[in-house]
> 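Take a look at this one; I'll ask things after.
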Amino acid sequence: MSSSSVLVINSGSSSIKYQLVDPETGDAIAKGLVERIGDPMGLIKHVHGDAVTEEELPVPDHTVGMREVLRLFDTEGPTLAEAGIVAVGHRVVQGGRHFDGPALITNEVRDLIEELCPLAPLHNPAHLKGIDVARELMPDVPHVAVFDTAFFQQLPARSALYALETETAEKYSVRRYGAHGTSHQFVSHEIAKLEGRDDLKQIVMHLGNGASVSAVKNGHPIDTSMGLTPLEGLMMGTRTGDIDPAVVFHLQRVAGMSVDEVDTLFNKKSGMKGMTGESDMRSVWEMIHNDDAPEVQQRARTAMDVYINRLLKYVGSYTAELGGLDVITFTAGIGENDHDVRRELAEALAPFGVKIDVEANKVRSGEPRVVSAPDSTVKIYVFPTNEELAIARQALTFA
Ligand code: ADP
C-alpha cells in the first residue's frame, strides 16, 4: 500500500457505494455498499482484502448510512487514518455548463450542484445527500466533485446543440451534456497510451446497464450518444435510447399517459427489459439459445438485432464524423464480458475491412486486450473501465 489513499463515494437515492483507492497502483484497498436506505431494513457490505462483512440493520437515511460506513472502516479496517486518506472524490452525474473538470466542493460548488437538480432529478439530489454528510463527518480532507458530464463540455457546438428554437433551449438549458464522461475520458486516454500516440480516431463503447458511445479525436470528444439526460442514444437495459419524441405526444394523446408515466416507461420499463422481459444480456442470450418456446427465442433475437443495429449506426455515423477510424474499444459490463455482442458488431462491419479474431475475442480476462485480427482495418480493444480510479486520480489533484 502506498502512503496515500482516496475515498470514492457514489451516493444514489437509496444506496451509497464506496471504494478506498490507492491512486498510484489503482488497487481497491477496501470497498462496500449500503443498500435499501429508507427501507425498514437496510443492507451493508464491506470488503477489506479477503474479509467480507455483511450486516442487516435499519438505515433510515444517508447520514446513518455514512456513519455506518465509517464505523466499518474503524472496526473491520483499514482505519482511514492508517490508510492515509488525503481526499474524498464524489461522483456527480450532472455538472451542466458550470463544470468542465473536477471541482473542490466549497459551499458555492455545493449550491451549483443543487441548482442543477432539475437537469438530473434522479441523481443530483442523491449525490448531495452523500456530499453533505461526508463533508460533515470528514471535515479535514478536501472533498472533490467529479462530473459525468465534464469531459463532454469539450463537445463542439455542432454535436452539443439540439435543433431546438434557441431562446427556449437557452432559457431552459436544453442541450446535450452526455454522461459516463469519466469512463470515456479514462478509457480513451489509456488506449492512446497503449497505442503510444495522441492523434487517434477512437470510438469508445461503454456498454453496461446504462450504455453510451463516444467519438474521440486526438484526445478530445467530438460526439457522444447521451444527451440532456442518459436516456438518449443506444438501446439499454431498461431505457429506449433514441426514439422519435413524437412517441411522447402520441402516448399522451392516445394512451392517456401522464408525463411521469412516459418517463418511467422510457427509462425503467423499455430497452432489453421492455422488449424481452429481461434487462441482463446473459438472460437474453439464454432465451435466444435455449428457450423452449420459439416465439420467446424469436422475440429475444429481434431485440438483440435492434441492440446491435443501434451500435452499428453509431459506429457508421461516428466514423464519418471522425473522418476515419483507428480503434473501437469495448468497456463496462457488456463491453468487457459479452463476446457475442462484440463479434456480431464486428461481423456487421466486415464490409469495411473490420476483422475480429474470433478466438482471442472469446478469451475471458480482466486485462486490457486486442481482439481484432492483425489485418483488420480497425483495431478492436477490450479495456476494463475503472471509474473509481479515474475519480480518485482527479480528486488527488486537490489534495
Ligand atoms: P451499470 O454500471 O450500468 O449498472 P455494468 O457496467 O455493471 O452496468 O454492466 C451490467 C450489465 O453487464 C448487466 O446488466 C449484464 O447485461 C452485463 N453483463 C455482465 N456480465 C456479463 C457477461 N458475462 N456476459 C454478458 N453480459 C454481461
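In this text, all values refer to a predicted model and were calculated from it rather than measured experimentally. Both counts, for ligands and for their atoms, begin at 1 and track the order of listing. Only heavy atoms go into these numbers, but all of them, side chains included; no hydrogens, no water, no symmetry mates.
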> Identify the protein heavy atom lying closest to atom 22 (C) of ligand 1, giving its residue, its atom name and the separation to 0.1 Å.
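For atom 22 (C) of ligand 1, the nearest protein heavy atom is N337 CB, 3.4 Å.
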> Kindly identify the option in V341, I334, D340, T385 whose heavy atom sits closest to atom 17 (C) of ligand 1.
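Looking at heavy atoms only, I334 sits closest to atom 17 (C) of ligand 1.
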> List ligand 1 atoms under 4.0 Å from G210, heavy atoms only on the residue side.
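In order of numbering, the contacting atoms are 3 (O).
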> Could you tell me the separation between the CG atom of L128 and the CD1 atom of I113, rounded to the nearest 0.5 Å?
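Going from CG on L128 over to CD1 on I113, the span is 6.0 Å.
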> Could you tell me whether atom 2 (O) of ligand 1 has at least one protein heavy atom nearer than 4.0 Å?
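Answer no: nothing from the protein, no heavy atom, is under 4.0 Å.
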> Is it true that the side chains of T224 and S214 contain a donor and an acceptor less than 3.5 Å apart?
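Per modelled atom types, T224 and S214 side chains form no pair under 3.5 Å.
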> In Å and rounded to the nearest 0.5 Å, what is the NZ to CG distance from K45 to L33?
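The CG atom of L33 is 8.5 Å from NZ of K45, to the nearest 0.5 Å.
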> With a 6.0 Å cut-off on the ring centroids, do F152 and H184 count as close?
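When the ring centroids of F152 and H184 are compared, they turn out to be within the sub-6.0 Å range.
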> Atom CZ in R239, atom CG in L234: separation rounded to 0.5 Å?
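That separation rounds to 11.0 Å.
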> Could you tell me, atom by atom, which parts of ligand 1 come under 4.0 Å of a heavy atom of D338?
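Near D338, meaning under 4.0 Å from one of its heavy atoms, ligand 1 has 25 (C).
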> So, does R364 sit close enough to ligand 1 that a heavy atom of it is under 4.0 Å from the ligand?
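Yes.
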> Is the distance from the ring center of H90 to that of H127 below 6.0 Å?
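Judged by ring-centre distance (under 6.0 Å), H90 and H127 do not meet the cut-off.
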> Quick one: nearest non-hydrogen protein atom to atom 26 (N) of ligand 1, plus distance?
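In this structure, atom 26 (N) of ligand 1 has M281 CB, 3.8 Å as its nearest protein heavy atom.
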> At under 4.0 Å between heavy atoms, is it the side chain or the backbone of M236 that contacts ligand 1, or both, or neither?
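Neither part.
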> For atom 5 (P) of ligand 1, tell me which residue out of G333, A332, G335 has the closest non-hydrogen atom.
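When every heavy atom of G333, A332, G335 is considered, G333 comes closest to atom 5 (P) of ligand 1.
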> Using 0.5 Å steps for rounding, measure from the CD atom of E278 to the OG atom of S283.
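One finds 4.0 Å between CD of E278 and OG of S283.
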> Give me the residue, atom name and distance of the protein heavy atom closest to atom 24 (N) of ligand 1.
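That would be R282 CG, 3.4 Å.
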> Return the CD1 to CG distance between I131 and N124, rounded to the nearest 0.5 Å.
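Rounded to the nearest 0.5 Å, the CD1-CG separation comes to 8.0 Å.
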> Taking the non-hydrogen atoms of G237, is any one of them nearer than 4.0 angstrom to ligand 1?
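Flag not set, G237 not near ligand 1.
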> Can you confirm if the aromatic rings of F73 and H46 lie within a centre distance of less than 6.0 Å?
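They qualify: ring centres under 6.0 Å apart.
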> Which protein non-hydrogen atom lies closest to atom 8 (O) of ligand 1, naming both residue and atom, and how far is it?
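Of every protein heavy atom, N209 N, 3.1 Å lies nearest to atom 8 (O) of ligand 1.
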> In the protein, what heavy atom is nearest to atom 15 (C) of ligand 1, and what distance, to one decimal place, separates them?
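Result for atom 15 (C) of ligand 1: D280 OD1, 3.4 Å.
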